[in-house]
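Convention: sequence-line order gives letters A, B, ...; per-chain numbering from 1.
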Amino acid sequence: MSADESTQHEGVWEPTQLEQQRLIKLQQLRDEGVEPYPLRAGRTHTTAEALRAFAEAEAADGEKEDGQEIELTVAGRLVSIRDMGKTVFADVEDGDGRIQLFLRRAEIGDEEHRRFRKLLDLGDFVQASGIVFRTRMGEISIRVHSWELLSKALSPLPVAKEQEVDGEVVRYSAFADVEERFRQRYADLAVNPEVRDIFRTRARLVSILRRFLDEHGFLEVETPVMQPIYGGAAARPFVTHHNQLKQDLYLRISFELYLKRLLVGGLERVYEIGRDFRNEGVDATHNPEFTQLEFYAAYWDYHDVMAFTEKMIAYAAEELTGSTTISYQGHTIDLSAPWQRITLRDAIRQFVEIDYEEYPTAEGLAAAIREARGNPPAGATWGKLVDHLLGEYVEPLLIQPTFITQYPRDISPLAKRLPDDPRHVERFEYFIGAMEMGNAFTELNDPLDQLARFEEMQRLYQEDDEDAHPVDADYLQAMRYGMPPNGGFGTGIDRLAMLFTDKTSIREVLLFPHLRVRNST
RNA sequence: GGGCCAUUAGCUCAGUGGAAGAGCAGGUGACUUUUAAUCACUUGGUCGGGGGUUCGAAUCCCUCAUGGCCCA
């Protein structure tokens with residue numbers, strides 16, 4: 001490497017001592033005519049297929065010593081090398097699992113034997129051809145007669161050593177630094193197999209939900225991520241700008257207003273699975289971008305949505321785990337329908353011993369909270385105080401799946417009022433494992449009432465720009481054409497993924513969670 | 001936004017005012033089927049950055065950065 005080339009790496013890569021050693025090996029491989037990054041591989045079997053093929057052949061051959069020989073080629077990452085001298089044992093891992101390679105000097109030749117021992121490192125991708133057999137220790141392995149380097153790893157992976165003891169995998173020095181795991185998720189995935197399983201589970205969850213909705217007559221749609229007016233939730237948006245149109249655009253905070261426009265257009269059941277963006281704090285259950293599932297069904301009310309929700313989540317559990325009973329943070333949670341239903345007012349009366357109906361003003365309710373429990377958030381509206389009581393004192397107790405129903409109108413501008421109680425709307429949120437999982441209403445379809453609510457919200461949040469709801473005139477136009485009565489639903493895919501993978505941090509179920517940019521000073 | 005805690009070798013960590021360490025990984029060698037292989041020798045450090053106290057700081061103080069947990 002010339003001096004000029006090395007200066008080009010400045011700030012990008014300054015090889016550590018370990019990396020320099022690997023660079024030397026790389027050069028040596030090239031000097032010996034070995035291409036460290038060949039164009040093509042020649043895998044015939046995954047490791048799992050190799051093990052299965054051998055087990056089947058063994059069963060077919062019975063006790064015969066000279067059964068049929070299975071010749072194959074596997075490929076994967078070198079994750080363990082045990083060098084015994086004339087014999088080398090090495091484990092290769094691929095997407096399916098791992099298998100042991102057995103390399104003897106007498107069988108692969110002096111040169112290849114030396115090359116394997118001296119020029120390969122943990123983390124390199126290799127392929128190996130040979131015959132499957134069982135070692136003296138009883139492990140199904142490949143008696144290698146030839147091997148090839150597929151990709152030289154220049155940086156050492158943060159190695160996690162492991163050992164199987166009585167069927168349990170015991171890990172040693174696993175790559176555990178939370179920040180580094182997320183900053184270098186590729187390394188995390190490479191060395192921590194259970195992390196790969198989290199994302200397989202997440203992908204299956206999404207696929208199962210999609211199938212469930214498809215099978216119930218829902219049409220999957222895609223609506224704008226960049227919106228001229230944001231809405232459908234109380235949250236601050238991210239703002240971007242279209243240069244040519246000289247127009248500010250908002251990244252959506254929900255899909256709601258677009259999906260309901262589709263009901264006006266005659267699409268009776270629609271759903272969308274996609275990314276929402278909220279310009280708010282980052283913590284264990286909040287990431288600035290997160291995945292949401294929303295659906296809307298014409299002629300349903302929130303009772304229909306509740307029945308559908310408990311059926312859908314129980315189905316997802318059954319399909320994912322084979323059971324509607326799951327374990328989350330030490331709790332056994334039964335997701336089978338029907339779930340408990342309790343009104344918000346009753347829940348707060350029961351768990352906080354405050355009947356918020358007795359305190360119709362923000363000042364009065366705040367005083368009652370102060371007397372019963374402690375400090376409520378300063379300057380909160382009445383609706384926000386009710387929300388505070390729910391989040392603070394009720395939510396932590398809702399381990400088993402629970403529908404909390406009938407929310408104050410103040411904090412629900414898109415839901416229909418209860419027929420006999422204009423202060424409350426037909427809305428529910430559902431909770432599992434002490435997490436708020438989703439939100440649903442009998443959707444407001446009266447365009448004049450909707451306009452009044454928008455204006456009411458603007459008055460309520462006049463002094464609080466952060467949660468201001470802009471009036472969406474086009475949405476109101478859509479409603480004026482006539483919107484069928486409908487029930488709508490939104491749920492956080494990330495939180496469902498947390499539930500089904502037994503994680504308490506949203507970052508564990510996001511491949512690349514939001515992290516602060518690291519300051520390199 | 002506040003409180004507490006953390007940041008030491010590639011990884012996991014010990015070291016709490018007096019000579020920077022261990023295991024694994026890496027290097028050299030030994031070893032005829034091992035499996036955290038083993039054995040011998042060995043390389044590797046801006047102790048997160050900056051400032052201060054002190055004869056002397058990884059250690060005490062201030063500050064900044066990043067992260068974790070809790071609270072708002």
Once you round it to whole Å, what is the distance between [atom2] of [N] and [atom1] of [X]?
X: A:K503; N: B:G68; atom1: NZ; atom2: P; result: 15 Å
X: A:E19; N: B:A25; atom1: CD; atom2: P; result: 18 Å
X: A:W13; N: B:G10; atom1: CH2; atom2: C1'; result: 13 Å
X: A:L18; N: B:G26; atom1: CG; atom2: P; result: 9 Å
X: A:L154; N: B:G26; atom1: CG; atom2: P; result: 15 Å
X: A:I81; N: B:G27; atom1: CD1; atom2: C1'; result: 14 Å
X: A:E139; N: B:U35; atom1: CD; atom2: P; result: 11 Å
X: A:I142; N: B:U34; atom1: CD1; atom2: P; result: 19 Å

| Separation of A:L249 CG from A:R252 CZ (nearest 0.5 Å) |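 So the gap between those two atoms works out to 13.5 Å.
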| Just how far is it from atom CD1 of A:I198 to atom CG of A:L511, taken to the nearest 0.5 Å? |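 CG of A:L511 is found 9.5 Å from CD1 of A:I198.
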| field | With A:I506, the side chain to side chain contact (heavy atoms under 4.5 Å, CB included) member among A:D494, A:D283, A:V282 | value |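 Running side chain to side chain contact (heavy atoms under 4.5 Å, CB included) over A:D494, A:D283, A:V282 with A:I506 returns exactly one hit, A:D494.
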| request: Tell me, with the steps shown, if A:D91 and A:I99 meet side-chain contact (heavy atoms from CB on, under 4.5 Å). | output: CA-CA 6 Å; A:D91 294 339; A:I99 195 167; over 6 Å; no
Extract from the structure each pairing of a protein N or O with an N or O of nucleotides 1-7 of chain B at less than 3.5 Å, listing the distance.
none

When the [atom1] atoms of [N] and [M] are considered, how many whole Å apart are they?
N: B:G15; M: B:G23; atom1: C1'; answer: 15 Å
N: B:C13; M: B:A25; atom1: C1'; answer: 14 Å
N: B:C4; M: B:C62; atom1: P; answer: 10 Å
N: B:C47; M: B:U59; atom1: C1'; answer: 10 Å
N: B:G17; M: B:U53; atom1: C1'; answer: 12 Å
N: B:C60; M: B:G18; atom1: C1'; answer: 15 Å
N: B:G68; M: B:G10; atom1: P; answer: 22 Å
N: B:G51; M: B:A57; atom1: P; answer: 13 Å

| message | Just to be sure I understand the rule, does A:T135 reach a base, reach only the sugar-phosphate, or reach nothing, if contact means heavy atoms closer than 4.0 Å? | response |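 Since a base atom lies under 4.0 Å of A:T135, the category is base.
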| query | What nucleic acid atoms does A:D83 come within less than 4.0 Å of, heavy atoms only: base, sugar-phosphate, or nothing? | reply |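 Base, at least one base heavy atom under 4.0 Å.
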| Any donor-acceptor pair under 3.5 Å from A:Q292 side chain to A:R275 backbone |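 Side chain of A:Q292 to backbone of A:R275: no pair is present.
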| Between the side chain of A:R495 and the main-chain N/O of A:M435, is any donor-acceptor distance below 3.5 Å? |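 Such a contact is absent between A:R495 side chain and A:M435 backbone.
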[X] side chain: which of [options] is closest?
X: A:P158; options: B:U33, B:C11, B:U34; result: B:C11
X: A:M137; options: B:U12, B:U35, B:G68; result: B:U35
X: A:M84; options: B:G27, B:U28, B:A37; result: B:A37
X: A:F175; options: B:U35, B:U33, B:U12; result: B:U12
X: A:D177; options: B:U12, B:G26, B:U34; result: B:U12
X: A:S80; options: B:G67, B:G26, B:A37; result: B:A37
X: A:K25; options: B:G26, B:G67, B:G27; result: B:G27

| said: On the side chain of A:E179, is there an atom forming a donor-acceptor pair with the base of B:U66 - under 3.5 Å, no angle test? | reply: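 Absent.
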Is it true that the NZ or CZ of [X] lies under 6.0 Å from the centre of [Y]'s six-membered ring and within 45 degrees of the ring axis?
X: A:R427; Y: A:Y407; result: yes
X: A:R373; Y: A:Y393; result: yes
X: A:R423; Y: A:W382; result: yes

Counterpart base for [N], defined by Watson-Crick or G-U wobble contacts under 3.5 Å:
N: B:C47; value: none
N: B:A40; value: B:U28
N: B:G56; value: none
N: B:G23; value: B:C11
N: B:G67; value: B:C5

| task | Taking the side chain as every heavy atom from C-beta outward, state whether A:S151 and A:D124 have any pair of such atoms under 4.5 Å apart. | result |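 Side chain of A:S151 against side chain of A:D124, heavy atoms only: no contact under 4.5 Å found.
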| field | Heavy-atom check, side chain of A:R115 versus side chain of A:Q28, under 4.5 Å | value |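 SC-SC contact between A:R115 and A:Q28 ruled out.
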| said: Need to verify one output field. Residue with the more 5' nearest nucleotide on RNA chain B, A:Q17 or A:R143? | reply: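 Its nucleotide being nearer the 5' end, the pick is A:R143.
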| field | A:R22 vs A:P156, nearer the 5' end of RNA chain B by closest nucleotide | value |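 The residue closer to the strand's 5' end, by nearest nucleotide, is A:P156.
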Listing time: all N or O pairs from protein to nucleotides 69-72 of chain B that are below 3.5 Å?
unit_1, atom_1, unit_2, atom_2, d
B:A72, OP1, A:E392, OE2, 3.4
B:A72, OP2, A:E392, OE2, 3.2

Side-chain N or O of [X] less than 4.0 angstrom from OP1 or OP2 on [N]?
X: A:K86; N: B:U33; answer: no
X: A:R82; N: B:U34; answer: no
X: A:T87; N: B:U33; answer: yes

| Taking all atoms of both residues into account, what is the closest heavy-atom pair of A:P193 and A:V191, and its distance? |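 Closest approach of A:P193 to A:V191: CD-O, 3.3 Å.
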| message | In this structure, is the centre-to-centre distance between the rings of A:H424 and A:Y356 below 6.0 Å? | response |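 Yes.
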| said: Ring centroids only, cut at 6.0 angstrom: are A:F102 and A:F133 within range, meaning strictly under it? | reply: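 When the ring centroids of A:F102 and A:F133 are compared, they turn out to be within the sub-6.0 Å range.
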| request: Evaluate the side-chain contact (heavy atoms from CB on, under 4.5 Å) criterion for residues A:R98 and A:V79: first the C-alpha distance (whole Å), next the side-chain angles of each, then the deciding distance (0.1 Å), finally the verdict. | output: CA-CA 9 Å; A:R98 56 172 69 173; A:V79 292; 3.7 Å; yes
| task | Can you sort out which residues in residues 99-113 of chain A have a heavy atom within less than 4.0 Å of RNA chain B? Ascending by number, please. | result |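 Per residue number, the list reads A:Q100, A:F102, A:R104.
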